[in-house]
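To start, the structure under review is shown below, and the notes come after it.
The structure displayed is predicted, hence computed values, not measured ones. Numbering of ligands and ligand atoms starts at 1, following listing order. We count residues from 1, following the sequence as given.
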Amino acid sequence: MRTILLGPPGAGKGTQAETIVNEFSIPHISTGDIFRQNIKEGTTLGKKAKEYMDLGLLVPDELTVELVKDRLLKDDCRNGFLLDGFPRTIVQADALEEALNSMNQKLDYVINIEVNANLLVERAVGRRICKDCGQTYHMTFNKPIKDGICDKCSGELLQRKDDTEETVTKRINVYKEQTEPLIKYYTQKGIIVNIDGEKPISEVGEEIVAKLRGK
Ligand code: ADP
Ligand code: AMP
């Protein structure tokens, strides 16, 4: 199954990705995670991406598109993939379509997680990520058993540098201007699946899996 997760910052894309990839045995490809890994490793790509990410802006299309195209050619994507946070612009969506066409592939679904703007800042500012395994928590809505410690690997939980109120607000505006037009783009292609992302995490996951299974 070839799928995209669409939705504003803090909608729950990364959280639901875990359920979807386990259910359908496909790789989770998050461009945000790839950029953060590059920043951690101090690569040239990481240094360039960081300049934009810290400001809440999108990394330029030319850097992002090549990265995803290379990733989709890897063996583990042969039976499908879940793209999380890509595409984020019409240019990226067109480039994705072209790349898939050249591989004789097409998208099955675009899962659009809908959450009202007033909930997004609270979600993103309260987000904590394990510095070792990347597991996501929330200080109120999805707490770890022990404060500040990952349930899975006992790693330290950190706040993302771009999860301040100011940068999240900027990212939501960037989403509205540059990414939201993709809802119409994929609706016209007839592959959008709209999901109410305001329900509790487990209910959102169940609804996504049911819709992807055609129930
Ligand atoms: P995204 O990848 O779309 O930016 P995340 O999956 O990282 O969003 O979720 C943002 C924050 O909101 C995280 O701290 C997560 O634990 C929390 N969260 C995700 N889904 C829900 C939900 N349905 N209800 C409440 N909190 C949620
Ligand atoms: P995310 O982890 O999806 O919240 O992304 C974090 C940040 O990474 C974004 O605010 C952007 O700066 C950058 N980023 C991630 N994916 C993309 C993309 N597809 N296009 C441009 N920038 C991206």
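- If you look at P8 next to ligand 1, the close heavy atoms, those under 4.0 Å, all belong to the backbone.
- Around CD of E23, the count of heavy atoms belonging to other residues, nucleotides or ligands within 6.0 Å exceeds 12.
- Near T64, the atoms of ligand 2 lying under 4.0 angstrom from a non-hydrogen atom of the residue are 18 (C), 19 (N), 20 (N), 21 (C).
- For D162, no nitrogen or oxygen atom sits less than 3.5 Å from a nitrogen or oxygen atom of ligand 2, counting backbone and side chain alike.
- With respect to the salt-bridge test (charged N to carboxylate O, under 4.0 angstrom), the residues K74 and D76 do not qualify.
- At distances below 3.5 Å, at least one donor-acceptor pair connects side-chain atoms of Q92 with backbone N or O atoms of R88.
- Close to ligand 1: G197, with a non-hydrogen atom less than 4.0 angstrom away.
- The protein atom (non-hydrogen) at minimum distance from atom 11 (C) of ligand 1 is R123 O, 3.4 Å.
- With hydrogens left out, the protein atom closest to atom 16 (O) of ligand 1 is H138 CB, 3.5 Å, a heavy atom.
- Under a 4.0 Å N-O distance rule, the pair D163/R171 qualifies as a salt bridge.
- Between R127, K143, Q135, K13, it is K13 that holds the heavy atom closest to atom 3 (O) of ligand 1.
- Note: an N/O pair closer than 3.5 Å links G10 and ligand 1 by distance alone.
- At under 3.5 Å, not a single nitrogen or oxygen of E198, backbone or side chain, sits near a nitrogen or oxygen of ligand 1.
- The distance criterion of under 3.5 Å between nitrogen or oxygen atoms is met by Y137 with respect to ligand 1.
- Counting atoms of ligand 2 from 1 in the listed order, those under 4.0 Å from a heavy atom of G32 are 2 (O), 5 (O), 15 (C), 16 (N).
- Looking only at protein heavy atoms, the nearest one to atom 2 (O) of ligand 1 is G14 N, 2.9 Å.
- For the pair A124 and ligand 1, no heavy-atom separation below 4.0 Å is found.
- Proximity of T136 to ligand 1, defined as any heavy-atom pair under 4.0 Å, is confined to the side chain (atoms from C-beta onward).
- Annotation for R2 and G80: closest pair CG-CA, 4.0 Å, computed over non-hydrogen atoms.
- Cluster membership check: F35 shares its hydrophobic cluster with L55, using side-chain heavy-atom separations under 4.5 Å among Ile, Leu, Val, Met, Phe, Trp and Tyr.
- Residue T31 places at least one N or O, backbone or side chain, under 3.5 Å from an N or O of ligand 2.
- Counting heavy atoms of neighbouring residues, nucleotides and ligands inside a 6.0 Å radius, atom CD of E41 exceeds 12 of them.
- A donor-acceptor pair is defined here as one N or O able to donate and one able to accept, closer than 3.5 Å; such a pair exists between the side chain of T31 and the backbone of G85.
- Close approach of ligand 1 to A11 (heavy-atom distance below 4.0 Å) involves ligand atoms 3 (O), 8 (O).
- Judged by a 6.0 Å distance limit and a 45° cone about the ring axis, K189 is positioned over the six-membered ring of Y185.
- Summarising the contacts of atom 13 (C) of ligand 2 with R36, M53, K170, the nearest heavy atom is found in M53.
- For atom 15 (C) of ligand 1, the closest heavy atom belonging to the protein is T15 OG1, 3.7 Å.
- Looking only at heavy atoms of the protein, atom 21 (C) of ligand 1 is closest to I201 CG1, 3.3 Å.
- Note: an N/O pair closer than 3.5 Å links K199 and ligand 1 by distance alone.
- Surrounding CE of M1 are more than 12 heavy atoms belonging to other residues, nucleotides or ligands, all under 6.0 Å away.
- No N or O atom of F141 sits closer than 3.5 Å to an N or O atom of ligand 1.
- If you chain together ILVMFWY residues whose side-chain heavy atoms come under 4.5 Å of each other, I129 ends up in a group of its own.
- The shortest N/O to N/O separation between G85 and ligand 2 falls below 3.5 Å.
- No side-chain donor-acceptor contact under 3.5 Å links H28 to the backbone of I20.
- Not one N or O of P200 is nearer than 3.5 Å to an N or O of ligand 1, by distance alone.
- A salt bridge does not link K143 to D151: none of the charged nitrogens lies less than 4.0 Å from a carboxylate oxygen.
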Pairs under 3.5 angstrom only: tabulate donor-acceptor contacts from the side chains of residues 4-17 to other protein residues two or more places apart or in another chain.
from, atom 1, to, atom 2, distance (Å)
K13, NZ, G7, O, 3.0
K13, NZ, P8, O, 3.0
Q16, OE1, G205, N, 3.2
Q16, NE2, I201, O, 3.1

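- Taking all heavy atoms of Q178, R88, R171 into account, the minimum distance to atom 5 (O) of ligand 2 is reached by R88.
- Atoms of ligand 2 lying under 4.0 Å from any heavy atom of Q92, numbered from 1 in the order shown and given with element: 18 (C), 19 (N), 20 (N), 21 (C).
- Using a non-hydrogen distance threshold of 4.0 Å, G32 does not register as a contact of ligand 1.
- Atom 4 (O) of ligand 2 has R160 NH2, 2.9 Å as its closest protein atom, hydrogens excluded (heavy atom only).
- Under the 3.5 Å distance criterion, the side-chain polar atoms of Q159 are matched with a main-chain donor or acceptor of V125.
- The main-chain N or O of Y137 is never found under 3.5 Å from a side-chain atom of N142 such that the two would form a donor-acceptor pair.
- Annotation: N118, atom CG; neighbour count of heavy atoms from other residues, nucleotides and ligands within 6.0 Å is above 12.
- The N142 neighbourhood of ligand 1 comprises atoms 16 (O), with distances under 4.0 Å to a heavy atom of that residue.
- Shown in contact with F86 at under 4.0 Å from a heavy atom are these atoms of ligand 2, numbered in order with element: 19 (N).
- The heavy atom nearest to atom 12 (O) of ligand 2, out of those in L58, V59, L57, is found in L57.
- Among all heavy-atom pairs drawn from K40 and K131, the shortest one is NZ-O, 3.1 Å.
- Closest to atom 8 (O) of ligand 1 among all protein heavy atoms lies G12 N, 3.2 Å.
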